[in-house]
Amino acid sequence: MTARTHWLAPLLAPRSIALVGGSPRPGSVGNLMVKSLLAGGYPGSLVVVNPRHSAVEGIEARASMAELPGPVDLAVLSVAAHRMEGVFDEAICAGIRAMVIFDACLPDDDRKPRLLERLKAMAREAGVPVCGGNGMGFYNFDARTFASFQEPLDTVPGHIAAFCHSGSVFGMLANESRRLRFNLLVSQGQEINASVADYMDYALEQPTTRVLALFAEAIRDPDAFVRAVARARDRGIPVVVTKVGRTPESARLARTHSGALAGDDTAFDAVCRRYGVLRTDDLDGLMAAAQILGLGKTVGEGGFAAILDSGGLREQMMDLASDMGLEFAPLSRATISALESCLDIGLEAVNPLDAAGRYNERLGPVMIQCAGILERDPGVAILAHEYFRTDRHEGLPEIGAAARRIAGESEKPYILTNSLGIAHNGAFASDMLDSGVPVINGVKPLLTAVKCALAYRDRRVPDDGVAQVVDPDLVRLWRERLAGGDSPGETEVLSMLGAFGIPVAASRFCRSPDEAAAAARDIGYPVVLKTAVPELHHKSDGGGVRLDLKDEAAVRAAATSLMSLGPELCVAEMIHGQTEVAFGMVNDPQWGPVVMVGAGGTLVELLDDKASSLAPFGADEARHLIDGLRIRRLLDGVRSRPPCDVALLCVVLSRFSAVCHALKDVISEMDVNPLIVGDDFVRAVDAVLIPRPAVKHSDRPIPPPAAAGHRAHTVPA
């Protein structure tokens with residue numbers, strides 16, 4: 001497939017366009033959409049559809065789509081909601097191959113199914129891609145097609161393909177297109193029949209695409225999104241996303257610790273981690289990252305360096321970099337020596353560098369010399385240079401000339417920056433980008449962009465390509481058991497996990513002090529006694545746990561006390577180890593099972609120390625998750641305690657992810673908390689499982705992180 005043969009080609013690169021509702025009335029949407037295409041130099045054929053006029057802006061008009069002079073690829077519909085369905089149907093009957101809709105399609109007298117749903121059904125049945133509604137259309141700079149009611153201010157093509165659910169974001173980016181340089185800019189709106197993943201897929205076929213940038217409100221087609229980001233990863237095209245709406249409202253409905261910790265964003269973040277998608281918090285960071293990643297320069301070994309002409313601004317950058325976890329590259333002895341030889345007295349040869357000495361004729365040349373020295377340091381991979389240049393104030397003009405030269409000679413990204421985010425330097429930035437030098441305003445956007453560029457360089461395949469196999473007979477057995485929707489008790493969940501090869505503590509369900517005493521004798525002292533009341537998922541919080549019971553009298557007394565909570569009891573062996581860890585799973589309705597690992601016991605929610613990934617994954621990914629926890633140092637042994645068996649813990653976590661994936665159609669949430677980890681063992685001692693309602697669940701394949709695919713094997717219990 002190429003961009004020319006892609007199913008979105010009639011939409012994004014049409015050979016002919018019908019402008020339905022095109023109007024000569026200045027300022028109207030019908031007039032602006034005509035002017036936008038003319039301003040962009042659209043090379044194909046244009047025709048207006050409007051029975052009231054014979055021509056609009058010099059373009060021939062026809063009374064209806066039935067009277068079009070020939071086949072038309074794209075219809076841009078500038079009509080109100082109450083007329084939309086009829087015009088939409090007319091376009092399909094006329095053989096139109098794609099459509100753009102600006103209107104929100106929310107008529108006052110709408111009926112069920114709603115207009116949007118009816119349009120979606122019509123578009124799907126006809127196989128017609130539709131951009132919108134409630135969008136701003138699109139700009140395809142490569143095809144010189146500007147199908148929008150916002151006239152382009154500049155039509156110079158670039159290398160950033162950007163997609164915005166928000167029409168206002170589209171408008172902002174369109175106004176800065178000269179500074180940012182897009183090859184494709186889309187406002188997909190309500191995605192009547194083409195999701196953001198489809199547009200991403202099209203952009204990956206454009207030879208000019210170097211980076212994909214998404215301002216996303218929702219991912220409506222998760223399967224296609226996963227395929228798109230996997231394809232981008234395999235092609236070496238960075239994907240940067242600002243995802244809005246990252247609120248934890250759904251957590252209040254969760255019944256397990258894992259569900260409460262997940263919020264709304266954990267699953268999407270796990271998808272991004274698996275496929276190397278970079279995330280930013282806001283639009284400034286998104287576009288700054290896209291600028292650096294869109295340069296087409298490979299970030300080599302080393303770190304970040306910056307040269308400024310202010311000690312105060314240097315300190316500000318250092319503070320913000322520390323807050324963001326971004327370190328500056330250490331400088332070599334040769335670099336330090338070279339800097340010391342040219343800096344004014346009182347200036348230190350450090351990174352970041354304040355190179356502003358006395359304000360005289362040497363200031364510009366010294367700063368340029370220092371920039372060259374930093375650029376040549378082998379430990380510097382990205383260099384940013386503070387330059388106080390605006391469109392009204394030239395500053396030191398020799399710095400701009402030197403920046404062009406350095407960028408042309410260096411394989412490293414070289415960036416000019418202004419610490420003031422509102423600096424008015426758009427014309428200068430556009431001019432510098434012609435020489436491959438992006439100009440980024442604001443310290444936080446700059447640092448965000450640098451961090452993204454380094455992260456993309458250091459991206460890892462988040463798995464070792466090994467997915468554990470679980471016994472299919474056991475899967476069928478437990479799928480049948482859980483399909484009814486009844487929540488199993490703790491001992492039954494532990495029994496299930498043990499059957500799948502996850503080490504568990506011995507336990508026994510009881511209903512009386514006599515049964516508890518008998519179970520304790522069988523298991524062996526000391527034991528733990530817990531309430532097994534189904535409604536009490538967090539036993540410690542409800543006072544439902546008695547630890548380290550050493551004899552029958554203690555067991556009977558504890559049983560009598562706990563039965564005030566309910567008649568169900570659980571006796572389990574008492575496990576002593578160095579560290580408590582928690583496993584969890586939340587079955588996301590879009591992305592499937594997301595497995596979490598974190599601090600265990602009563603600290604699971606207090607510490608908020610967790611990491612997550614899509615299930616299933618191998619032991620290498622498990623280790624990566626565990627290594628990122630704050631409690632990781634405890635596993636190495638502290639205060640003369642021996643180190644824990646982290647390798648075994650990784651295998652167990654990997655196996656847990658395989659079980660979660662195998663039973664994803666019958667499990668909604670699951671906690672295994674805590675798992676006791678010792679120097680040569682791992683034991684799960686408590687577990688909660690919430691079945692999911694009986695629904696048909698798709699077994700969609702997740703593209704494997706490694707291009708070679710998963711190699712399956714079974715790890716011994």
Side-chain angles (χ1 to χ4, degrees), residues 1-22 30-50 55-79 87-102 122-123 126-132 135-152 155-158 161 163 174 182-188 192-194 198-209:
M1 184 184 293
T2 65
R4 185 172 293 276
T5 61
H6 196 279
W7 85 286
L8 292 186
L11 172 66
L12 299 176
R15 293 182 171 88
S16 53
I17 300 177
L19 297 160
V20 182
N31 185 252
L32 291 171
M33 70 179 185
V34 177
K35 288 186 174 180
S36 294
L37 285 160
L38 294 176
Y42 175 66
S45 62
L46 291 174
V47 61
V48 170
V49 178
N50 191 326
V56 174
E57 301 293 340
I59 300 172
E60 179 188 7
R62 297 294 178 101
S64 69
M65 281 181 274
E67 300 177 20
L68 292 173
V72 171
D73 280 343
L74 174 64
V76 183
L77 309 184
S78 176
V79 297
V87 173
F88 196 93
D89 184 63
E90 183 184 352
I92 292 175
C93 292
I96 302 294
R97 301 176 62 197
M99 285 181 253
V100 171
I101 295 176
F102 303 130
M122 294 166 66
V128 174
V130 180
C131 182
M136 294 278 289
F138 67 88
Y139 288 176
N140 188 339
F141 291 79
D142 288 354
R144 289 190 294 163
T145 304
F146 296 81
S148 177
F149 58 91
Q150 175 162 321
E151 290 187 60
T155 60
V156 177
F163 315 99
F182 302 100
N183 64 344
L184 183 64
L185 178 61
V186 180
S187 169
Q188 62 270 22
I192 287 177
N193 194 29
D198 295 310
Y199 296 106
M200 294 166 63
D201 191 66
Y202 178 90
L204 290 172
E205 296 298 338
Q206 291 181 272
T208 53
T209 299

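Computed over heavy atoms, backbone and side chain alike; hydrogens, waters and symmetry mates excluded. Every value quoted in this text rests on a predicted model; they were computed, and no experiment measured them. The first residue in the sequence is number 1, and the count goes up from there.
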Practice task
Given ring pair (Phe, Tyr, Trp, His ring centres under 6.0 Å), test F146 with F138 step by step and report yes or no.
Solution key: CA-CA 6 Å; F146 296 81; F138 67 88; 8.8 Å; no
Completion exercise
Residues A3 and A9: closest non-hydrogen pair is O-CB, 3.3 Å
Practice task
Starting at CG of L184, measure out to OH of Y199 and round the result to the nearest 0.5 Å.
Solution key: 9.5 Å
Fill in the blank from the handout: Note: A91 and M99 closest approach over all heavy atoms is CB-SD, 3.8 Å
Practice task
Say whether, by atom type as modelled, one donor and one acceptor occur between the side chain of Y42 and the main chain of S16 under 3.5 angstrom.
Solution key: yes
Practice task
For A18 and L68, work out which heavy atoms get closest and say how close.
Solution key: CB-CD2, 4.2 Å
Exercise for the section: Keeping the roles fixed (side chain from Q188, backbone from F163), state whether a donor-acceptor pair exists under 3.5 Å. Expected result: no
Exercise for the section: Would you indicate whether the side-chain heavy atoms of V79 and V20 approach each other to under 4.5 Å? Expected result: yes
Practice task
Please say whether more than 12 non-hydrogen atoms of neighbouring residues, nucleotides or ligands are located less than 6.0 Å from CZ in R15.
Solution key: no
Problem - Sidechain-backbone polar pair: S36 side chain, S148 backbone, donor-acceptor under 3.5 Å - result: yes
Problem - CG on L8 to CG on N193, rounded to 0.5 Å - result: 9.0 Å
Handout entry: Partners meeting side-chain hydrogen bond (donor to acceptor under 3.5 Å, both in side chains) with S78 (sequence neighbours left out)
Key = none
Practice task
Would you indicate whether the side-chain heavy atoms of M65 and V87 approach each other to under 4.5 Å?
Solution key: yes
Problem - Value rounded to 0.5 Å, distance of CD in Q150 from CG in L32 - result: 9.5 Å
Handout entry: Distance, nearest 0.5 Å, that separates OG1 of T209 from OH of Y202
Key = 9.0 Å
Problem - Separation between CG of L12 and CG of D73, rounded to the nearest 0.5 Å - result: 11.5 Å
Exercise for the section: Give a yes or no on whether the backbone of D142 and the side-chain of N183 come within a donor-acceptor separation of less than 3.5 Å. Expected result: no
Handout entry: Minimum side-chain heavy-atom gap L19-V56 below 4.5 Å
Key = no
Handout entry: Where V47 and P69 come nearest, the two heavy atoms and their spacing
Key = CG2-CD, 4.4 Å
Fill in the blank from the handout: d(L46 CG, E60 CD) to nearest 0.5 Å is 11.5 Å
Handout entry: F182-Y139 aromatic ring centre distance below 6.0 Å
Key = no
Fill in the blank from the handout: Of all heavy-atom pairs linking A147 and L74, the shortest is CB-CD2, 4.5 Å
Handout entry: All side-chain hydrogen bond (donor to acceptor under 3.5 Å, both in side chains) counterparts of E57, not counting sequence neighbours
Key = N31
Practice task
Verify, without hydrogens or angle tests, whether N50 (side chain) and G22 (backbone) share a donor-acceptor contact under 3.5 angstrom.
Solution key: yes
Handout entry: Side-chain touch I59/L38, heavy atoms, less than 4.5 angstrom
Key = yes
Practice task
Check whether any side-chain heavy atom of P129 lies under 4.5 Å from a side-chain heavy atom of D198, and answer yes or no.
Solution key: no
Exercise for the section: Would you check if the side chain of N140 reaches a backbone N or O of T145 as a donor-acceptor pair within less than 3.5 Å? Expected result: no
Handout entry: Taking every non-hydrogen atom, the tightest pair across G40 and T155
Key = CA-CG2, 3.9 Å
Exercise for the section: Answer whether the closest heavy-atom distance between the side chains of S64 and E67 falls below 4.5 Å. Expected result: yes
